There are 2 protein chains.
Amino acid sequence: MEKAADHKEVITIPEPTLRRLPIYYQYLKNLESTGTKVISCTTIGNDLDFDPTQVRKDFSYTGVEGKPKVGYLVADLLREIEEFLGWNKVNAAFLVGAGNLGTALLGYSQFKQHGLSIVGAFDKDEAKIGRLIHGKRVLALEKLPGLALRMGIRLGIITVPPASAQEVADLMVKGGIQAIWNFAPVTLKVPSPVLVRNEELYYSLASLSHSLAKKMHTKTEKGEEGYASN
Amino acid sequence: MEKAADHKEVITIPEPTLRRLPIYYQYLKNLESTGTKVISCTTIGNDLDFDPTQVRKDFSYTGVEGKPKVGYLVADLLREIEEFLGWNKVNAAFLVGAGNLGTALLGYSQFKQHGLSIVGAFDKDEAKIGRLIHGKRVLALEKLPGLALRMGIRLGIITVPPASAQEVADLMVKGGIQAIWNFAPVTLKVPSPVLVRNEELYYSLASLSHSLAKKMHTKTEKGEEGYASN
DNA sequence: TAGATTGTTAATCGATTAACAATC
DNA sequence: TAGATTGTTAATCGATTAACAATC
């Protein structure tokens with residue numbers, strides 16, 4: 001298993017690159033809308049605060065090709081990034097947990113342009129079952145595995161409270177779902193072929209509040225205590 | 001500026017560590033609720049799929065101390081992480097954009113336990129101004145700078161469409177806000193002391209759809225085309 | 001052509017992991 | 001005490017950045 005595919009080398013893309021591609025994409029979409037046809041890594045790097053070489057390297061993973069002295073065609077870049085990220089095909093997904101966050105995600109019309117279409121919503125709460133949310137009917141949770149199998153759904157979104165998240169994940173696995181986008185702050189246990197991506201809302205929060213606390217601290221040390229109120 | 005504080009060395013925490021701390025925190029909260037008092041890095045590493053040495057190193061940044069042969073006190077860890085992340089003090093924040101996502105965030109009661117209290121909501125839309133959302137009155141956007149200054153608000157949350165995000169950021173800066181949690185997919189331009197943290201919803205999506213696409217591709221190459229429907 | 005930009009290889013930097021002494 | 005675990009220093013690994021030849 002370790003040396004699988006040793007003839008055709010497997011290129012794995014670095015996580016940081018994968019994280020930056022959507023940033024380029026959004027930036028390029030903007031450029032496109034202003035009518036810009038061609039762009040250089042230098043300009044992109046300046047605008048997004050990335051090293052130009054890094055931009056070039058990131059792009060190379062998508063297979064796009066630029067022209068020396070000219071740059072890259074915006075249209076080329078958009079097309080290649082879309083294809084690379086699988087955003088040119090739409091993945092049908094089931095969402096479980098029709099609370100605040102679930103409702104917000106169900107209403108996100110932009111998802112379709114990013115390869116995601118939420119085609120079903122589920123909940124355990126009797127009060128929510130049968131209701132329409134952003135045009136989608138909320139179904140009973142226990143119907144998920146059967147429907148997922150029948151419809152060939154490969155992507156699941158979990159927006160339930162942490163205590164129920166594992167149970168939901170189990171049902172998704174049972175329904176043949178292959179990738180889970182998990183918004184509940186829990187580490188899910190799933191069989192290895194199933195992919196889990198945690199949306200760590202609290203990470204950003206951690207980063208922000210840590211920096212704010214540090215800022216405060218620095219100020220206090222300098223003797224400007226209480227300057228910023230609070 | 002470059003060699004500021006050369007006597008008292010400035011320890012900067014690696015981003016990845018900062019990203020993991022909330023994961024430990026959530027895990028430890030769970031442990032605490034089951035009555036566990038003491039835990040070792042080995043166990044944590046096993047449960048969360050991290051290298052035990054890494055766990056130890058991560059903890060060291062918070063200043064927590066363990067006991068050889070025994071491990072760490074769960075209570076100690078929770079306290080130190082809370083303090084390190086600034087979660088023991090609550091930051092008051094203003095949120096702009098009372099749409100689906102904004103509404104969801106306004107309803108997130110768990111934020112208070114993570115150092116965040118959203119004390120004001122703003123919108124440009126006349127139809128939304130004056131309404132109550134999760135107990136908070138939506139105010140007119142132009143009131144933000146004045147109120148932020150008066151109340152000493154240091155944290156801002158942006159949940160408006162990308163086209164309005166920069167304008168909102170400018171108002172926040174005018175109101176003396178020092179850190180921005182940005183959910184709009186745009187790169188904001190703010191003066192350097194102001195911190196911006198982008199919540200990149202599309203990154204996870206990129207990662208997931210890319211992996212799904214790759215999985216599909218691999219399968220297809222093996223000649224099992226069309227197996228998973230779609 | 002000259003100069004800007006790509007594409008790639010090499011050097012650097014930082015995070016992860018391994019090794020191991022200290023200790024309860 | 002013996003063994004498990006911490007805390008730390010050194011080795012490894014991978015991503016970022018620098019250098020530079022190729023090229024339009």
Side-chain angles (χ1 to χ4, degrees), chain A residues 2 9-24 28 31 36-81 84 200 203 206-207 210, chain B residues 2 9-24 28 31 36-77 79-81 84 203 206-207 210:
Chain A
E2 307 144 35
E9 73 183 285
V10 181
I11 302 151
T12 47
I13 182 176
E15 273 276 313
T17 297
L18 204 46
R19 207 193 316 266
R20 282 188 296 268
L21 284 176
I23 301 176
Y24 298 127
L28 292 163
L31 274 187
T36 311
K37 298 273 183 262
V38 176
I39 187 83
S40 79
C41 287
T42 325
T43 313
I44 298 179
N46 275 342
D47 288 350
L48 297 179
D49 234 329
F50 293 151
D51 186 290
T53 309
Q54 185 170 73
V55 176
R56 215 139 48 225
K57 196 147 213 180
D58 285 344
F59 286 171
S60 75
Y61 288 100
T62 70
V64 76
E65 280 183 12
K67 281 206 173 60
K69 165 151 181 169
V70 181
Y72 294 85
L73 289 176
V74 174
D76 281 2
L77 283 169
L78 284 170
R79 183 170 28 79
E80 294 291 348
I81 295 177
F84 186 81
E200 285 148 29
Y203 156 56
S207 160
H210 172 65
Chain B
E2 306 144 36
E9 74 182 285
V10 182
I11 301 150
T12 48
I13 183 175
E15 274 275 313
T17 297
L18 204 45
R19 208 194 314 266
R20 283 187 296 267
L21 283 176
I23 301 175
Y24 298 127
L28 291 163
L31 274 188
T36 311
K37 299 273 183 259
V38 176
I39 189 85
S40 79
C41 288
T42 326
T43 314
I44 298 178
N46 274 342
D47 289 349
L48 296 179
D49 235 328
F50 293 151
D51 187 290
T53 308
Q54 184 169 74
V55 176
R56 216 140 44 226
K57 197 148 213 179
D58 285 345
F59 285 172
S60 76
Y61 287 99
T62 70
V64 77
E65 280 182 12
K67 282 205 174 57
K69 166 152 181 170
V70 181
Y72 294 84
L73 289 176
V74 175
D76 280 3
L77 283 169
R79 184 169 27 79
E80 296 291 348
I81 295 177
F84 187 82
Y203 156 56
S207 159
H210 172 64

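Quick note on labels: first sequence line is chain A, next is B, and so on, each numbered from 1. This structure is a prediction, so every number in the text was calculated from the model and none was measured.
Here the C1' atom of nucleotide dT16(D) and the CZ atom of R19(A) are 14 Å apart, to the nearest Å. As rounded to whole Å, 14 Å separates atom C1' of dA4(C) from atom CD1 of I39(A). Counting to the nearest Å, the P atom of dT8(C) and the CG atom of D58(A) are 14 Å from each other. D51(A) places its CG atom 8 Å from the C1' atom of dA18(D), with the value rounded to the nearest Å. Distance F59(A) CZ to dT16(D) P: 14 Å, rounded to the nearest Å. Atom CZ of F50(A) and atom P of dT17(D) are 10 Å apart (whole Å).
Atoms CD1 and CG, on I44(B) and D49(B) in that order, are 13.5 Å from each other to the nearest 0.5 Å. In this structure, the separation between CD1 on I39(B) and CG on D76(B) is 13.5 Å, given to the nearest 0.5 Å. Taking CG from L31(B) and NZ from K37(B), the interatomic distance works out to 11.0 Å, rounded to the nearest 0.5 Å.
Taking both residues in full, the closest heavy atoms of V38(B) and V74(B) are given as N-CG2, 4.0 Å, listed atom of the first, atom of the second, then distance. Residues A206(A) and P22(B) come closest through the heavy atom pair CB-CG, 3.6 Å. Shortest non-hydrogen contact noted between C41(B) and V55(B) is SG-CG1, 3.8 Å. Taking each heavy atom of F50(B) and Q54(B) in turn, the nearest pair found is CB-OE1, 4.1 Å.
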>> Show, in sequence, the C-alpha distance, side-chain angles and deciding distance for L77(B) and Y24(B), and conclude whether the side chain to side chain contact (heavy atoms under 4.5 Å, CB included) test is met.
In response: CA-CA 9 Å; L77(B) 283 169; Y24(B) 298 127; over 6 Å; no
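Using a 4.0 Å heavy-atom cutoff across all strands shown, T53(B) reaches at least one base atom of the nucleic acid.
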Pair up each side-chain donor or acceptor in residues 13-21 of chain A with any protein partner under 3.5 Å, not counting sequence neighbours, and list the distances.
from	atom 1	to	atom 2	distance (Å)
E15(A)	OE1	Y203(B)	OH	2.4
E15(A)	OE2	R197(A)	NH2	3.4
T17(A)	OG1	D58(A)	OD1	2.9
R20(A)	NE	D58(A)	OD2	2.6
R20(A)	NH2	D58(A)	OD1	3.1
R20(A)	NH2	D58(A)	OD2	3.4

Pairs under 3.5 angstrom only: tabulate donor-acceptor contacts from the side chains of residues 62-73 of chain B to other protein residues two or more places apart or in another chain.
from	atom 1	to	atom 2	distance (Å)
T62(B)	OG1	F59(B)	O	2.7
T62(B)	OG1	V64(B)	N	3.3

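Counting only Watson-Crick and G-U wobble pairs whose two key distances fall under 3.5 Å, DNA chain D forms stems of three or more stacked pairs at C:3-24 with D:3-24.
Within a heavy-atom distance below 4.0 Å of DNA chain C, the residues of residues 66-77 of chain B found are P68(B), K69(B).
Between K57(B) and S40(B), the one whose closest nucleotide on DNA chain D sits nearer the 5' end is S40(B).
Partners of T53(B) under the side-chain contact (heavy atoms from CB on, under 4.5 Å) rule, at least two apart in sequence or in another chain, are D51(B), R56(B).
Taking 4.0 angstrom as the limit, R56(B) places a side-chain polar atom (N or O) nearer than this to OP1 or OP2 of dT6(D).
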Considering only nitrogen or oxygen atoms on both sides, find all protein atoms under 3.5 Å from nucleotides 12-15 of chain C and state each distance.
none

